[in-house]
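Working notes, beginning with the structure itself.
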2 protein chains.
Amino acid sequence: MRSMMHRVEVLKTVAHPVRIRILEELLKGVKCVSDFEDFLEISQPNVSQHLALLRRQGLIDHYMDGRLRCYFLKDPIIPDLLEILKKDYIEELPAPACCPVTKKGTYPGTRQR
Amino acid sequence: MRSMMHRVEVLKTVAHPVRIRILEELLKGVKCVSDFEDFLEISQPNVSQHLALLRRQGLIDHYMDGRLRCYFLKDPIIPDLLEILKKDYIEELPAPACCPVTKKGTYPGTRQR
DNA sequence: TGCAAGTATAATAATATTTGCATATATCAT
DNA sequence: ATGATATATGCAAATATTATTATACTTGCA
């Protein structure tokens, strides 16, 4: 099992709009840096910086193809993570009927807020 | 579907060791602030701040029970998210066999790095 | 009414993240 | 070797996050 620190790092690394879009593209297949430049509206150095971060965290990897660097997904959590981020949840979780843990409270009463 | 901004916010909000532990506890059932103080080794104001952030993002909610505030999970993405964070992935994703997207490269050759 | 328990909020200081820019490196074609 | 293409790296400025401290709010009870 991933350590708590590792879990936090994975989430923090994915938690950026550019990096989510990069990962979503990689889910479709291999891409090189200039591919990303085409649809992300940021500079090439910035693309490289995001890719470097994703690579340092072990989420992606690459191989060289001539002067291109071909990036691909590596960590298997990514497809699962992207899937639930896209999933449509219709209902909120059901509110609890009572307060089983409370030590001194008087619930159930009328729920407020 | 959640907007990109919303997805990023959810991930950023969960991406903290204290907040992950809070959410994992809430998965088991309702808890009040002093419950969290008992097993998280941080100050009460700090617990409240993390709870306030989770609440602002709509991930949790609470009701009042006397002077206690009973917190519970609200956003249905949370159980799914916590589950895949705990999941054990044994293998890395398979490296791509070729480089279908590359425009000018000469791959396949010997993969490097 | 007054006090204590439970919890929230605000201000601050320390730290981390993000971006833009300049520059560096590597490979290929000539 | 030279120049062009593809990509990476280093650094500083702007911004965001975090824990801490002090203080305020709310409820129940004497």
Side-chain angles (χ1 to χ4, degrees), chain A residues 4-5 8-22 30-38 40-57 60-72 99 101-107 109-113, chain B residues 4-5 8-22 30-38 40-57 60-72 99 101-107 109-113:
Chain A
M4 175 61 85
M5 209 186 81
V8 169
E9 289 309 309
V10 169
L11 292 176
K12 287 214 291 199
T13 306
V14 178
H16 188 289
V18 166
R19 294 194 292 265
I20 290 181
R21 294 192 63 196
I22 287 176
V30 176
K31 293 273 184 308
C32 65
V33 177
S34 48
D35 291 327
F36 294 120
E37 273 185 84
D38 291 345
L40 299 171
E41 288 165 0
I42 60 177
S43 67
Q44 175 274 314
N46 202 358
V47 174
S48 276
Q49 281 168 341
H50 286 295
L51 289 170
L53 178 56
L54 290 165
R55 189 157 37 82
R56 275 201 302 281
Q57 301 295 338
I60 65 176
D61 200 358
H62 72 275
Y63 53 80
M64 309 288 300
D65 181 8
R67 40 190 150 178
L68 304 178
R69 288 190 182 211
C70 301
Y71 283 90
F72 55 90
C99 192
V101 176
T102 294
K103 294 152 291 194
K104 319 164 195 84
T106 55
Y107 195 83
T110 9
R111 181 163 307 148
Q112 291 145 61
R113 278 196 75 177
Chain B
M4 176 61 85
M5 209 187 80
V8 169
E9 289 308 311
V10 169
L11 291 177
K12 287 214 290 198
T13 306
V14 178
H16 188 288
V18 165
R19 294 194 292 267
I20 290 182
R21 295 191 62 196
I22 287 176
V30 177
K31 293 272 184 309
C32 64
V33 178
S34 47
D35 291 327
F36 294 119
E37 272 185 85
D38 291 344
L40 299 169
E41 288 166 359
I42 60 175
S43 67
Q44 174 273 313
N46 201 1
V47 173
S48 275
Q49 285 189 69
H50 286 296
L51 289 170
L53 178 56
L54 291 165
R55 188 158 37 84
R56 277 201 301 281
Q57 300 297 337
I60 66 175
D61 199 359
H62 73 274
Y63 53 81
M64 309 288 299
D65 180 9
R67 40 190 148 179
L68 303 178
R69 289 191 181 211
C70 300
Y71 283 90
F72 54 91
C99 192
V101 175
T102 296
K103 294 152 292 195
K104 320 165 195 83
T106 55
Y107 194 84
T110 10
R111 182 163 306 148
Q112 290 145 64
R113 278 197 76 177

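Chain A is the first sequence line, chain B the second, and so forth, proteins listed ahead of strands; every chain is numbered from 1.
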Check your understanding: OP1 or OP2 of D:dT7 less than 4.0 angstrom from a side-chain nitrogen or oxygen of A:S34, does that happen here?
Key -> yes
Check your understanding: Does B:H50 make a side-chain N or O approach to OP1 or OP2 of D:dT18 shorter than 4.0 Å?
Key -> no
Select one nucleotide: of [options], the one nearest the side-chain heavy atoms of [X].
{"X": "B:R67", "options": "C:dA4, C:dG20, D:dT9", "value": "C:dA4"}
{"X": "B:A52", "options": "C:dT7, C:dT9, D:dT20", "value": "C:dT9"}
{"X": "A:P45", "options": "C:dA22, D:dT20, C:dA8", "value": "C:dA22"}
{"X": "A:V33", "options": "D:dT7, D:dT21, C:dG6", "value": "D:dT7"}
{"X": "A:S48", "options": "D:dG28, C:dT9, D:dT7", "value": "D:dT7"}
{"X": "A:R69", "options": "C:dA10, D:dT7, C:dT18", "value": "D:dT7"}

Review point. Are the side chain of A:R69 and the backbone N or O of A:V33 linked by a donor-acceptor pair below 3.5 Å?
Key: no
Point to revise | Side chain A:R19, main chain A:T13, donor-acceptor under 3.5 Å | key: yes
Rounded to whole angstrom units, what separation is found between the [atom1] atom of [X] and the [atom2] atom of [N]?
{"X": "B:L51", "N": "C:dT7", "atom1": "CG", "atom2": "P", "value": "10 Å"}
{"X": "A:Y63", "N": "C:dT27", "atom1": "OH", "atom2": "P", "value": "17 Å"}
{"X": "B:L54", "N": "C:dT7", "atom1": "CG", "atom2": "C1'", "value": "16 Å"}
{"X": "A:I42", "N": "C:dT19", "atom1": "CD1", "atom2": "C1'", "value": "10 Å"}
{"X": "A:N46", "N": "D:dC11", "atom1": "CG", "atom2": "C1'", "value": "15 Å"}
{"X": "B:H62", "N": "D:dC25", "atom1": "NE2", "atom2": "P", "value": "17 Å"}
{"X": "B:R55", "N": "C:dT9", "atom1": "CZ", "atom2": "C1'", "value": "11 Å"}
{"X": "B:L68", "N": "D:dC29", "atom1": "CG", "atom2": "C1'", "value": "15 Å"}

Taking the side chain as C-beta and beyond, is there a heavy-atom pair between [X] and [Y] under 4.5 Å?
{"X": "A:Y71", "Y": "A:D35", "value": "no"}
{"X": "B:L53", "Y": "B:R56", "value": "yes"}
{"X": "B:Y63", "Y": "B:V30", "value": "yes"}
{"X": "B:Q57", "Y": "B:K12", "value": "no"}

Review point. Would you say the side chain of A:Q44 and the base of D:dA8 hold a donor-acceptor pair, judged only by whether the two atoms sit under 3.5 Å apart?
Key: yes
Check your understanding: Is there a donor N/O on one and an acceptor N/O on the other, under 3.5 Å, for the side chain of B:Q49 and the base of C:dT7?
Key -> no
Study note, to complete from the structure: Of B:R56 and A:L53, the one whose closest nucleotide on DNA chain C sits nearer the 5' end is B:R56
Check your understanding: Rounded to the nearest 0.5 Å, how far apart are NE2 of B:H62 and CG of B:L68?
Key -> 11.5 Å
Revision key, fill the gap. Minimal heavy-atom distance between A:I20 and B:M4, with the atoms involved, is CG2-CE, 3.7 Å
Practice item. With a 4.0 Å heavy-atom cut-off, tell me which residues in residues 9-19 of chain B come close to DNA chain D, sorted by residue number. Key: B:K12, B:H16, B:R19
Check your understanding: Within the structure shown, what part of the strands sits under 4.0 Å from B:Y71 by heavy-atom distance: base, sugar-phosphate, or nothing?
Key -> sugar-phosphate
